[in-house]
Every structure is written in structure tokens, then in C-alpha cells.
Amino acid sequence: MRNHPRIAIAIAVSLLLLGILYVWRRSSSVVEVNSGYRMVMGTFSRVVVIARGEKTAQRCIEAAFEVQDRIESLMSDYQDDSELSKVNREAATRPVAVSEMTFEVLQKAVYFNKLSDGAFDVTVGPLVDLWRKAGEAGEPPTEEALAQARRRVGSDKLILDEKNRTVRFAVEGMRLDLGAIGKGYAADKSMEAMKKHGAIGGMAAIAGDIRCFGRPPRGQEYWRIGLQDPNVAPNDLGPSKPLLVLALTNEGVSTSGDYRRFVKIQGPKVSHIVDPHTGKGASKLASDTIIAPDATLSDALSTAVNVLGLEKGLALIERLPATAAILIPAEPGASLVYSRGARAFVVTTQEALGLPRE
Ligand code: AMP
Ligand code: MG
């Protein structure tokens, strides 16, 4: 009889401990949270986080979108008060000081310009503007207008002062356009932010620029990224059967092409990607997808390869370590072209059936 209070206390303590254990397990068990789509940089952005505990996962998602919003407010050329717009307004008259992030992107952009023999060029702004206006007017630009715009394009005319972190234009009328690198950079920075807030895995997808890292979703060995068929791509983001599926671990992947964004001037589509050497719309590839160690690189390279076309584009990718490409030539019915390392990333039918990778 005298033992009863002791037994009751022991049971109560055990129950309490079990309760604590249950709450602790719940809050520290690995969860997967998908943010759903949000609008960033004028397009759709989505983040997936793998973390211990719901709260940590939510913090990671908010941190990722915060950094994306910050990058947009610095590098958007649609916002008049962005840092980039200020540079575009003032850098022809004086050196303009910029943030670490903008400067980092510009330094990388100049490096990618050299790497791609000038195919990637963030100074293409005057040409992009010219073609946008031509699309609105329904008339192609005159040769004279093209020549004039081309005189204001060229990364050699972009003066970056590392010590003072300033940007200066050598020629009046220059205009920077970070549309081909900003989203990949933002995906990379989102990953850093998620890691900092405790993510053990994650993915940031901003339109066609994706970065993934760490532990993939439950039950999967890899991050699976579907590649859309440019010939049947819908104009919305509704589900469509992917052309193929990529299996990634810690990479950036980007797709460039004219199937979503282009202008139509008296007939054929004119891509939103401009060949800086000719001043005209890139037309050699329907689309190209690049896998690289990070998304800043995959973003810049996908635009560069779209300009370079099949042979030169493949040659560039084969030269670079840990980089792969899947190209779709512009001719209707053309089959996919893979760089040497690309097939290793493609999910085989065997895997789709749940069997191990070969
Ligand atoms: P992306 O979708 O990453 O290939 O980027 C395309 C966007 O980058 C275009 O909409 C332009 O704003 C800009 N752009 C166009 N041509 C080039 C080029 N040759 N190099 C760098 N940026 C470009
Ligand atoms: Mg790009």
C-alpha cells in the first residue's frame, strides 16, 4: 500500500518524459516544406526546404525569399530606384558606388563575357531595348539604329573599380541588363540563406534557374528536375509532361530559349536573347539547358550557349570542368544533343521504375 504513491509518481514522471520526448521528436524530425509560387523578379519563384522541424523550415523559406527580394531591389532594371537603374542613369558621368552583391555579379559577368568570347554580355541593354521597341512598333530596327546601339555595347567599356567598389561607363548611352545572370545568382544566395538558417537540403527555382543542395526530398536519392519540351511548352506554369528528368545533388541548372519570351516582327519570332556580335536575336537553338556547380554559372552559360549555337556552345561546355549541356537545335524535329557529361544527370527509364542508377 505504502508503495502506491511512489508508483504513481514514477508513472507520472515517465509519462511526462514520454510527452517531452514526443514533442522534441516532432519538432526535430526531418520535414519537407514547399513554399509554393511567389512573384519575384517579374516571374515565379519557388523554394523547397528540408530541415529539422517545421519552424526551422519556415525560417529558411522566409530567409530565401528575403534575399531574393533584396537582389531584385538591387538589380532590377524595371524599378527606377534600384541600384542598377541608378548605375544606368549616372555611370556615364561619374563612378557609381554599388553594394557588394551588385559588384560581385558585375565582376562575374565580366569574367563570363571573356569565357564565352563575348556571347554573354550584360552591357547588351541598348540592343535589348531596341528589339523590344521594334516588337512594339512591329517594324525591325534599321541597320543604322543597330549600328548605333552596338557602339554602346561591350564589356570592355564597363569599368569596375574593385578598391572603391564603383561602376563607370566608358561610353554615353550604355545600359546594363542583368536578366541573364540575376536569377541564377539569387538562387545561389537563397541556398546560402537556407543553409545559414539550418536547412539540411533545399532547392530554389526562379523561373528557369534552379539551385539545389544537400538532402533531397524523402524517399529520393536525388533532386529531380523536369526539363520542359520547348516545342510544346505552355504559356502558363501548369503541369506538363517533362521531356526528360534530371537527377541532381549539388548543382545549378538553367534553361535559356525563345519559347517563352520573344517578340514577333513581321513573321518569325525574334528571341529576347541578343547576339552581341551581330546585334540580332539569337536563333541557333530552340533551347539549351546547362548543369554547372552553381546557378550563377549555369544561368550565364545557358544564355551564352544559346547565342553560340551547337558547335561553339558545346565546345565551351566541354572545356569547363563539372559542366554539362543538353541542347535542342532550332530546326523542327531535331533531336537532343548531349555534351559528354550530360547523360550522367539524366534519369533513366530503369530509375523511373524504381530500380537503382546504373
Ligand atoms: P536568360 O533567360 O537567362 O537566357 O536571360 C535572357 C535575358 O538576358 C534577356 O531577356 C535580356 O534581358 C538579357 N540578355 C539578352 N541577350 C543577352 C546576352 N547576349 N548576354 C547577356 N544578357 C543577355
Ligand atoms: Mg541566363
Side-chain angles (χ1 to χ4, degrees), residues 41-45 71-72 75-78 82 84-85 88 105-106 108-135 146 149-150 152-158 174-188 205-211 228 230 233 252-263 269-292 294-309 312-313 316-317 323 325 327-328:
M41 303 182 175
T43 189
F44 293 94
S45 172
I71 291 169
E72 179 175 14
M75 302 179 203
S76 160
D77 56 350
Y78 286 93
S82 73
L84 194 76
S85 294
N88 283 338
V105 169
L106 291 176
K108 287 188 177 209
V110 170
Y111 169 70
F112 297 144
N113 175 261
K114 293 204 179 90
L115 193 71
S116 65
D117 266 332
F120 176 85
D121 197 329
V122 291
T123 68
V124 285
L127 286 166
V128 172
D129 275 354
L130 189 67
W131 283 102
R132 193 181 293 142
K133 284 187 189 128
L146 267 173
R150 283 176 62 195
R152 295 185 266 126
V153 173
S155 287
D156 55 325
K157 303 179 188 93
L158 179 62
M174 286 175 66
R175 204 177 72 72
L176 298 178
D177 178 334
L178 298 179
I181 187 171
K183 293 196 283 295
Y185 181 77
D188 284 339
I206 311 175
D209 298 295
I210 298 169
R211 174 69 197 255
Q228 227 168 40
V253 57
S254 296
T255 299
S256 284
D258 64 2
Y259 57 96
R260 278 189 195 283
R261 289 166 61 208
F262 54 84
V263 293
K269 289 195 289 191
V270 178
S271 173
H272 64 122
I273 298 171
V274 178
D275 181 342
H277 293 305
T278 63
K280 304 202 170 144
S283 57
K284 294 176 180 146
L285 297 172
S287 101
D288 66 289
T289 296
I290 307 294
I291 302 158
D294 65 62
T296 311
L297 183 58
S298 63
D299 193 359
L301 285 176
S302 71
T303 310
V305 169
N306 198 269
V307 169
L308 291 170
K312 284 187 183 166
L316 169 62
I317 296 302
T323 304
L327 315 180
I328 306 181

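Order of listing sets the numbers, starting from 1, for every ligand and every atom in it. Keep in mind the model is a prediction, meaning the values are calculated, not measured.
- Among Leu301, Leu316, Ile291, the one residue that satisfies the side-chain contact (heavy atoms from CB on, under 4.5 Å) test with Thr323 is Leu301.
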Stepwise side-chain contact (heavy atoms from CB on, under 4.5 Å) test for Met75 and Ile181: CA-CA 10 Å; Met75 302 179 203; Ile181 187 171; over 6 Å; no
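- Under 4.0 angstrom from ligand 1, there are no non-hydrogen atoms of Ala304.
- Taking all atoms of both residues into account, the shortest heavy-atom contact from Gly313 to Leu308 is N-CB, 3.7 Å.
- The shortest N or O to N or O distance between Asp275 and ligand 1 is not below 3.5 Å.
- Under a 4.0 Å criterion applied to the non-hydrogen atoms of Ser256, ligand 1 contributes the atoms 1 (P), 3 (O), 4 (O).
- When heavy-atom distances to ligand 1 are checked against a 4.0 Å cut-off, Val124 comes that close only through its side chain, counted from C-beta outward.
- The only member of Val128, Leu285, Asn306 that meets side-chain contact (heavy atoms from CB on, under 4.5 Å) when paired with Ile273 is Asn306.
- Counting only heavy atoms from C-beta outward, the side chains of Thr123 and Lys157 never approach each other to under 4.5 Å.
- Listed by atom number, the atoms of ligand 1 under 4.0 Å from Pro276 heavy atoms are 19 (N).
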Val122/Val110 under side-chain contact (heavy atoms from CB on, under 4.5 Å): CA gap, chis, key distance, verdict: CA-CA 8 Å; Val122 291; Val110 170; 6.0 Å; no
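- Short contacts between ligand 1 and Asp299, defined as distances under 4.0 Å to a heavy atom of the residue, involve ligand atoms 3 (O).
- Considering both main-chain and side-chain atoms, His272 comes within under 3.5 Å of ligand 1 through a nitrogen or oxygen pair.
- Of all protein N, O or S atoms, those under 2.8 Å from the Mg ion (ligand 2) number 4.
- Taking 4.0 Å as the cut-off between side-chain N and carboxylate O, Asp117 and Lys312 do not count as a salt-bridged pair.
- For the ligand labelled ligand 1, residue Ala119 lies inside the 4.0 Å heavy-atom shell.
- Ligand 1 is never approached by Asn306 to a heavy-atom distance shorter than 4.0 Å.
- Polar contact check, Ser302 against ligand 1: no nitrogen or oxygen pair lies under 3.5 Å apart.
- Taking distance alone, with nitrogen or oxygen atoms compared against 3.5 Å, Lys183 stays at or beyond that limit from ligand 1.
- Of the candidates Asp129, Thr303, Val274, Leu301, Val274 brings a heavy atom nearest to atom 16 (N) of ligand 1.
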Step-by-step side-chain contact (heavy atoms from CB on, under 4.5 Å) determination, Asp77 to Leu176: CA-CA 8 Å; Asp77 56 350; Leu176 298 178; over 6 Å; no
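- Phe112 and Thr296 get closest at one heavy-atom pair: CE1-O, 4.0 Å.
- Looking only at atom types and distance, the side chain of Ser254 has a donor-acceptor partner in the side chain of Asp209 under 3.5 Å away.
- Asp188 CG to Arg211 CZ: the interatomic distance, rounded to the nearest 0.5 Å, is 5.0 Å.
- With sequence neighbours excluded, no residue forms a salt bridge (Lys or Arg N to Asp or Glu O under 4.0 Å) with Asp275.
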